Structure formats: structure tokens, C-alpha cells
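Accompanying notes for the structure given below.
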Amino acid sequence: QLQLVESGGGLVQPGGSLSLSCAASGFSLEDYVMGWFRQAPGKEREGVSAISKDGTITDYADSVKGRFTISRGNDKFTVSLQMNSLKPEDTAVYFCVGRSRFARNNWAGLQADAYDYWGQGTQVTVSS
């Protein structure tokens with residue numbers, strides 16, 4: 001199975017920036033629709049961003065539009081999430097997700113049930 005490993009989480013002050021990375025071994029992530037979800041304590045899981053296989057289509061939650069950017073690395077094995085102008089409400093565990101390469105639909109968007117592979121998550125804390 002595809003194994004996803006997130007990195008880059010940590011503590012940052014409000015207004016600061018942080019970059020998360022998602023890495024895989026043995027499989028090119030260009031074969032998968034990829035995305036990021038997050039979950040804060042006591043809150044529902046929320047779709048943050050998604051990117052198509054070829055990287056030409058992206059989607060973002062309204063709460064992060066204009067502040068976050070999802071992109072694919074040049075090495076074919078990574079996907080990143082650049083987070084700028086961070087707010088305390090961005091505090092959550094962030095999960096990298098991938099959709100099965102054999103899925104019939106071409107796009108999954110921010111629907112959690114559409115994704116088959118989930119990383120273990122990385123903590124992002126925005127606080128002064």
C-alpha cells in the first residue's frame with residue numbers, strides 16, 4: 001500500500017509561515033490525486049486543500065484561500081502545503097491524503113471519503 005509521511009509541523013506565531021511536506025517511497029505521487037486535511041481537538045475533520053494528478057487543478061477550503069498553497073515537488077515523491085499568515089484557528093493535526101490510482105473519478109476535491117491513503121499527521125500549533 002501507499003505509505004505517506006508528513007513532516008514540517010511545529011509551533012509558529014500568528015502571522016507567521018510554515019511549510020508541510022508529504023513524502024512517499026516506491027510510488028510516484030504524480031499517479032495520485034493528493035490533498036491535506038486537518039483536525040483540531042473537539043472539532044470535525046476539515047478538508048484543507050487538494051491537487052490533481054497533473055497539478056493543474058487545485059481546491060482550497062474557504063478558510064485558507066489566499067493563505068495556503070498546495071504544490072507537487074519536482075522529484076515526483078513529494079507534495080507540500082505552504083501556509084502563510086497563520087492564525088490561531090489553523091492549529092490542528094494536519095494529514096496528507098491520497099486517492100487510489102485506480103479510482104474511476106478523476107477528481108476528489110475535499111471529500112474525505114474519496115481518499116484511500118492517510119498519513120499519521122503532523123501537529124501545527126499557532127500561538128503567541
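Everything numeric here is computed off the predicted structure, so don't read it as measured data.
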Original post:
Honestly curious: do Val48 and Met34 fall in one hydrophobic cluster under the side-chain, below-4.5 Å linking rule?
Top reply: yes
Subject >> Of all pairs that satisfy ring-ring contact (aromatic ring centres under 6.0 Å, His included), the ones with a partner from residues 32-62, not counting sequence neighbours >> reply: Phe37-Tyr115, Phe37-Trp118
Pairs of donor and acceptor atoms involving the side chains of residues 14-30, under 3.5 Å and at least two apart or interchain, shall be tabulated with distances.
residue, atom, partner, partner atom, Å
Ser17, OG, Asn84, OD1, 2.9
Ser28, OG, Glu30, N, 3.3

**OP:** Please check if the side chain of Arg99 supplies one atom and the backbone of Val33 the other of a donor-acceptor pair under 3.5 Å.
**Re:** no
Original post:
Does any pair with a residue in residues 71-97 pass ring-ring contact (aromatic ring centres under 6.0 Å, His included), and if so which ones, sequence neighbours excluded?
Top reply: none
Original post:
Quick one: does Val126's side chain get under 4.5 Å of Glu89's, heavy atoms only?
Top reply: no
Original post:
When you measure from the side chain of Asp31 to the backbone N and O of Arg101, does any donor-acceptor pair fall under 3.5 Å?
Top reply: no
Original post:
Out of curiosity, does Met83 fall in the hydrophobic cluster containing Leu110 (side-chain heavy atoms, cut-off under 4.5 Å, transitive links)?
Top reply: no
Subject >> Phe68 reachable from Val97 in the ILVMFWY side-chain graph, under 4.5 Å edges >> reply: no
**OP:** For the pair Asp62 and Lys65, find out whether any cationic side-chain nitrogen is under 4.0 Å from an anionic carboxylate oxygen.
**Re:** yes
Original post:
Which distance, rounded to the nearest 0.5 Å, do you find between the CG of Leu81 and the CD of Glu6?
Top reply: 11.0 Å
Subject >> Qualifying salt bridge (Lys or Arg N to Asp or Glu O under 4.0 Å) pairs, either residue in residues 70-85, two or more places apart >> reply: none
Subject >> Sequence-distant partners of Glu46, salt bridge (Lys or Arg N to Asp or Glu O under 4.0 Å), two or more places apart >> reply: Arg38
**OP:** Provide the full list of salt bridge (Lys or Arg N to Asp or Glu O under 4.0 Å) pairs with a residue in residues 49-60, sequence neighbours left out, each pair given once.
**Re:** none
